[in-house]
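One structure below.
The model shown is predicted, which means the values in this text are computed figures rather than measured ones.
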Amino acid sequence: MEAVVVDAGSKLLKAGIALPDQAPGLVMPSKMKTEVEESEVADGAAAVVEEVVQPVVRGFVKDWDAMEDLLTYVLYRNIGWEMGDEGQILFTQPLFTPKALREQLVQLMFEKFNVSGFYDSEQAVLSLYAVGRISGCTVDIGHGKIDIAPVCEGAVQHVASKRFEIGGTDLTNLFAQELKKSNPSVNIDISDVERLKEQYACCTEDQSAFEAIASTCQPETHTLPDGQVITIEKERYIVGEALFQPSILGLEDYGIVHQLITSVSNVASEYQKQLLENTMLCGGTVSMTGFEDRFQREANLSASAIRPTLVKAPEYMPEDLARHSAWLGGAILAKVVFPQNQHVTKGDYDETGPSIVHKKCF
């Protein structure tokens, strides 16, 4: 039985058999709806209400019961595992995952799912594997966080890495606020805002172009699913601009290119050229129209002696690599660690306990 790879994010869970040249077989929302019985109503019957549960928040598992339910659905209903005949599994892990969370995951896998083998690896390393690199720097803009991670010879340089508690969800909220200002009489559901962001959001070529856009932007009308009509103008540009000017989000910090360069400057000087010249953008947000061009333009204008250069995806990899890079890298790694018995086995777990994950997975 082939190993399964799981990349569980705040917005989407990606899972599938480890096939390195194919996109994950399953991509589904991480949020779940559960039915909860409330106290008895007047006629003596219990009222049942639906409750939305989010197992993963800003990259980390926050609700382990919900995570167990979600993985049960994924592995047995979708992947095709059978009780008593579970296979091997590899999980991607975001930057700075606490040791306790890694231990809880390996414990869940062996004690609840009875897996035959387990491995986990950091998303930055896996994303670089997906483009044939073992050294480089990833800029991962996720739903709930931004991770910037220099990687040398397959090892994340944690001292130089940075994590920001903002991501796609904060950009969606910003877009919603801006749309409300220009369409005050329209109530837009946040799920509709998410779709509008994916359809309309884009980046200007530089800050000057953004500042001039208010007078040159052509309004565009859009009909919402409920029939309401809204106008979209300069709002579409503010989403991308916030990544280069965090003050738009109320943050007193530098933009994403500056953060990348300062991060790499904290790595030993002999590695800096290799890291910056192998920069990889990851996450759904980086597919925004104009984002990659703006990023490279700002990188070319930076004061750094070495200019960041973006890695191009190999032709043999699936389209939209940036969205699935960690999962694809996990599929590549699974083809190595499990056949070569580098993973955590049931015997390893029984002998050492959950802490074995820190000794065998790195």
For [X] versus [Y], what's the shortest heavy-atom pair and its separation?
X	Y	result
Ala299	Ser302	O-OG, 2.8 Å
Trp64	Leu105	CH2-N, 3.6 Å
Thr169	Gly144	CG2-CA, 4.2 Å
Ser287	Arg323	OG-NH2, 3.2 Å
Thr204	Tyr237	CG2-CD2, 3.5 Å

**Request:** Report the C-alpha distance between Gln296 and Asn300 in whole Å, list the side-chain angles of each, state the deciding distance to 0.1 Å, and finish with yes or no for side-chain contact (heavy atoms from CB on, under 4.5 Å).
**Result:** CA-CA 6 Å; Gln296 189 64 72; Asn300 293 340; 3.1 Å; yes

**Asked** Could you walk me through whether Asn78 and Tyr73 pass the side-chain contact (heavy atoms from CB on, under 4.5 Å) check?
**Response** CA-CA 7 Å; Asn78 286 275; Tyr73 174 79; 3.1 Å; yes

SB check [X] [Y] (cutoff 4.0 Å):
X	Y	value
Asp140	Lys145	yes
Glu103	Lys99	no
Arg195	Asp189	no
Glu235	Lys180	no
Arg236	Glu220	yes
Lys360	Glu351	no

Just checking, any donor-acceptor pair under 3.5 angstrom between side chains of [X] and [Y]?
X	Y	result
Thr72	Asp69	no
Tyr271	Glu153	no
Thr92	Gln123	yes
His324	Gln22	no
Asn278	Gln274	no

**Request:** Would you sort out whether His258 and Phe244 count as a ring pair (Phe, Tyr, Trp, His ring centres under 6.0 Å), showing the intermediate values?
**Result:** CA-CA 9 Å; His258 187 279; Phe244 299 96; over 10 Å; no

Determine whether [X] and [Y] make a side-chain contact, defined as any pair of heavy atoms from C-beta on separated by less than 4.5 Å.
X	Y	answer
Phe338	Leu90	yes
Leu276	Thr309	no
His222	Leu196	yes
Pro150	Ser263	yes
Ser116	Glu86	no
Ile148	Phe164	yes

Hydrophobic clusters here meaning ILVMFWY residues chained together by side-chain heavy-atom distances under 4.5 Å, can you tell me if [X] and [Y] are in one?
X	Y	value
Val27	Trp327	no
Leu310	Leu321	no
Ile261	Val311	no
Leu328	Leu19	no
Val139	Leu126	no

Any donor-acceptor N/O pair, [X] side chain to [Y] backbone, under 3.5 Å:
X	Y	value
Ser325	Cys282	no
Ser127	Ala124	no
Glu241	Phe210	no

**Asked** Phe110 and Tyr349: aromatic ring centres closer than 6.0 Å?
**Response** yes

**Request:** Determine, stepwise, if the pair Asp253 / Lys162 fulfils salt bridge (Lys or Arg N to Asp or Glu O under 4.0 Å).
**Result:** CA-CA 13 Å; Asp253 221 330; Lys162 298 184 177 190; over 6 Å; no

**Item:** Worked verdict on Thr279 versus Leu260 for side-chain contact (heavy atoms from CB on, under 4.5 Å)
**Value:** CA-CA 9 Å; Thr279 298; Leu260 165 67; 3.8 Å; yes

**Asked** Should the ring pair Trp81 and Tyr76 be called parallel, tilted or perpendicular, given that the plane angle runs from 0 to 90° and is split at 30 and 60?
**Response** perpendicular

**salt bridge (Lys or Arg N to Asp or Glu O under 4.0 Å) assessment of Asp206 paired with Arg294** = CA-CA 7 Å; Asp206 55 29; Arg294 172 70 178 274; over 6 Å; no

**Prompt:** Listed by chain and number, what are the salt bridge (Lys or Arg N to Asp or Glu O under 4.0 Å) partners of Lys335, not counting sequence neighbours?
**Reply:** Glu2

**Asked** Take atom CZ in Phe96; do more than 12 heavy atoms of anything else shown fall under 6.0 Å from it?
**Response**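 Check passes, neighbour count above 12.
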
**Message:** Using the rule given for salt bridge (Lys or Arg N to Asp or Glu O under 4.0 Å), can you reason through Glu194 versus Lys197, listing the C-alpha separation, both sets of side-chain angles and the distance that settles it, and then say yes or no?
**Reply:** CA-CA 5 Å; Glu194 183 87 35; Lys197 183 187 75 172; 3.6 Å; yes

**Message:** Please evaluate residues Asp350 and Lys346 with respect to the criterion salt bridge (Lys or Arg N to Asp or Glu O under 4.0 Å), reporting the C-alpha separation (whole Å), side-chain torsions for both, the decisive distance (0.1 Å), and the verdict.
**Reply:** CA-CA 6 Å; Asp350 289 342; Lys346 183 71 165 68; 2.9 Å; yes

**Asked** Centre of Phe60's six-membered ring, under 6.0 Å away, within 45 degrees of the axis: is that where NZ or CZ of Arg163 sits?
**Response** yes

